[in-house]
**Q** 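Got a structure for you, written out below as structure tokens; questions coming shortly.
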Amino acid sequence: MLAIDHGYFQGPTTGLERVDVTILPLLPYADTLMLTRGILRTIIPPTFGKGIVLRASGGPSILSDLSNEQIAIDIDEAIRLNVAAMAVQVFIGGKMETQSVHNMTRLVDMGNRYGIPTLGVTAVGKDMARDVKYMRLACRIIAELGVTYVKTYYVPEGFDTVAASCPVPIVIAGGKKLPELEALTMAFNAIQEGAAGVDMGRNIFQSDSPIAMIQAVRKVVHEKEKPKAAYDFFLTEKNRAKKG
Ligand code: 5RP
């Protein structure tokens, strides 16, 4: 899954200033696209026939308390947009924890009424821990309360216990930009340790060769390619693109 929804609270973040220029060339390589309805309606061509995971919560910007989100879409709109799933941030341990959990349970109810799955995202605020204990807690609560699948962050120590104790499939976010080999290694380890897939954004669109990177990530996720081999593939594709 390619995540490009960051603008809903970050505005035109690096790599997403011109979605038409930077992201459209990546679409042939994405299985699913996670984004806001604003970008979907204005930039993504109607010929894009793969799954849309719609950002369905929002409200605060990076300038205020991120946990103070509300549901940001009607179910009728999600149906009109023919989405494959709706995504909601859940701030376990955050200031507005209960409100964000309530957003999630309402979306689950709305989605279930029409057969639309919900993706619960473990949202971590600036000051919140990202350790294995926290991820286990957050993923399990989100799954128990009804989402179809969970997005979380990879933790190097004990991620297998996060996946094993979560009764629904888990995908990992990429998080902040890492060197490509490190990002590919993280994706590989996550899959080995029980993740069903990745929902990666910055590590793809902020790469100096996003088309090469998204293809390398695909190799890791779909072909279980080892990180070093996927990285060699990345370098080959990057150099090929440079030569033009
Ligand atoms: C924003 C999100 C993003 O979609 C998610 O963080 C994935 O992007 P990245 O790989 O850049 O972390 O849910 O809240």
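Atoms within each ligand, like the ligands themselves, are counted from 1 in listed order. Treat the numbers as computed from the prediction; the structure is a model and nothing was measured.
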**Q** Kindly compute the distance separating CG (Leu54) from CE (Met34), expressed to the nearest 0.5 Å.
**A**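 If I round to the nearest 0.5 Å, the distance is 9.0 Å.
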**Q** Considering the heavy atoms of Asp199, write down every atom of ligand 1 situated less than 4.0 Å from one of them.
**A**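 This gives 7 (C), 10 (O) as the contact atoms.
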**Q** Applying a 4.0 Å heavy-atom criterion (strictly less than), which segment of Gln10 is in contact with ligand 1: side chain, backbone, both, or neither?
**A**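 Neither part.
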**Q** Heavy-atom contacts with Lys151 under 4.0 Å: which atoms of ligand 1 show up? List them by number with element.
**A**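 Atoms satisfying the 4.0 Å criterion: 2 (C), 3 (C), 4 (O), 5 (C), 6 (O), 7 (C), 13 (O).
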**Q** Could you tell me the residue and atom name of the protein heavy atom closest to atom 6 (O) of ligand 1, and the distance to it rounded to 0.1 Å?
**A**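 For atom 6 (O) of ligand 1, the nearest protein heavy atom is Tyr153 OH, 3.7 Å.
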**Q** Mark up the atoms of ligand 1 that fall under 4.0 Å of a heavy atom belonging to Gly175, in ascending order.
**A**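 Those of ligand 1 that fall under 4.0 Å from Gly175 are 9 (P), 10 (O), 11 (O), 12 (O).
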**Q** To check your reading of the model: name the closest protein heavy atom to atom 8 (O) of ligand 1, its residue, and the distance in Å.
**A**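 Going by distance alone, atom 8 (O) of ligand 1 is nearest to His6 NE2, 3.1 Å.
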**Q** Is it the case that atom CD in Glu223 sees more than 12 heavy atoms from other parts of the structure closer than 6.0 Å?
**A**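 Result for CD/Glu223: enclosed.
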**Q** Once you measure the plane-to-plane angle for Tyr154 and Phe159, does it fall in the parallel (<30°), tilted (30-60°) or perpendicular (>60°) bin?
**A**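 Tilted: the ring planes of Tyr154 and Phe159 meet at 30° to 60°.
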**Q** Looking at ligand 1, does Arg55 have a heavy atom less than 4.0 Å from it?
**A**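 Contact check Arg55 vs ligand 1: positive.
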**Q** Among side-chain atoms of Ser207 and Glu180, is any donor-acceptor pair under 3.5 angstrom?
**A**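 On atom types as modelled, these side chains qualify, holding a pair under 3.5 Å.
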**Q** Which ligand 1 atoms are under 4.0 Å away from a heavy-atom of Ala3?
**A**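 Contacts of ligand 1 toward Ala3, numbered from 1: 4 (O), 7 (C), 8 (O).
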**Q** Are side-chain heavy atoms of Leu2 and Ile23 found at a separation under 4.5 Å?
**A**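 A side-chain contact exists here, since the closest heavy-atom pair is under 4.5 Å.
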**Q** Please identify which atoms of ligand 1 are closer than 4.0 Å to at least one heavy atom of Arg202.
**A**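 It comes down to these atoms of ligand 1: 9 (P), 10 (O), 11 (O), 12 (O).
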**Q** With rounding to the nearest 0.5 angstrom, report the CE to NZ distance, Met200 to Lys151.
**A**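 Reported value, rounded in 0.5 Å steps: 10.5 Å.
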**Q** Which of the atoms of ligand 1 are close to Gln89, meaning less than 4.0 Å from one of its heavy atoms?
**A**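 Checking each atom against Gln89, I get 13 (O), 14 (O).
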**Q** Please say whether Gly201 places an N or O atom under 3.5 Å from an N or O atom belonging to ligand 1.
**A**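 Such a contact does occur with ligand 1.
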**Q** Looking at Met200, which atoms of ligand 1 are within less than 4.0 Å of one of its heavy atoms?
**A**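 Under 4.0 Å from Met200, ligand 1 has these atoms: 10 (O).
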**Q** Nearest 0.5 Å, what's the OH-CG distance between Tyr149 and Asp199?
**A**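 Answer rounded to 0.5 Å: 7.5 Å.
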**Q** So which heavy atom in the protein is nearest atom 4 (O) of ligand 1, and how far is it from that ligand atom?
**A**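 So the nearest neighbour among protein heavy atoms is Asp5 OD1, 2.5 Å.
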**Q** Looking at Phe9, which atoms of ligand 1 are within less than 4.0 Å of one of its heavy atoms?
**A**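 Reading through ligand 1 atom by atom, the close ones are 1 (C), 14 (O).
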**Q** Side chains of Cys139 and Ile170: does their closest heavy-atom pair fall under 4.5 Å?
**A**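 Side-chain contact under 4.5 Å: yes.
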**Q** So, are Lys228 and Asp232 salt-bridged, with charged N and O less than 4.0 Å apart?
**A**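 Salt bridge flag = yes for Asp232 with Lys228.
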**Q** Quick one: CZ on Phe91 to CG on Asp65, what's the gap to the nearest 0.5 Å?
**A**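 Phe91 atom CZ to Asp65 atom CG measures 7.5 Å (nearest 0.5 Å).
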**Q** Just distances here: any N/O of Tyr8 and N/O of ligand 1 closer than 3.5 Å?
**A**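 No; the residue has no nitrogen or oxygen that sits under 3.5 Å from a nitrogen or oxygen of the ligand.
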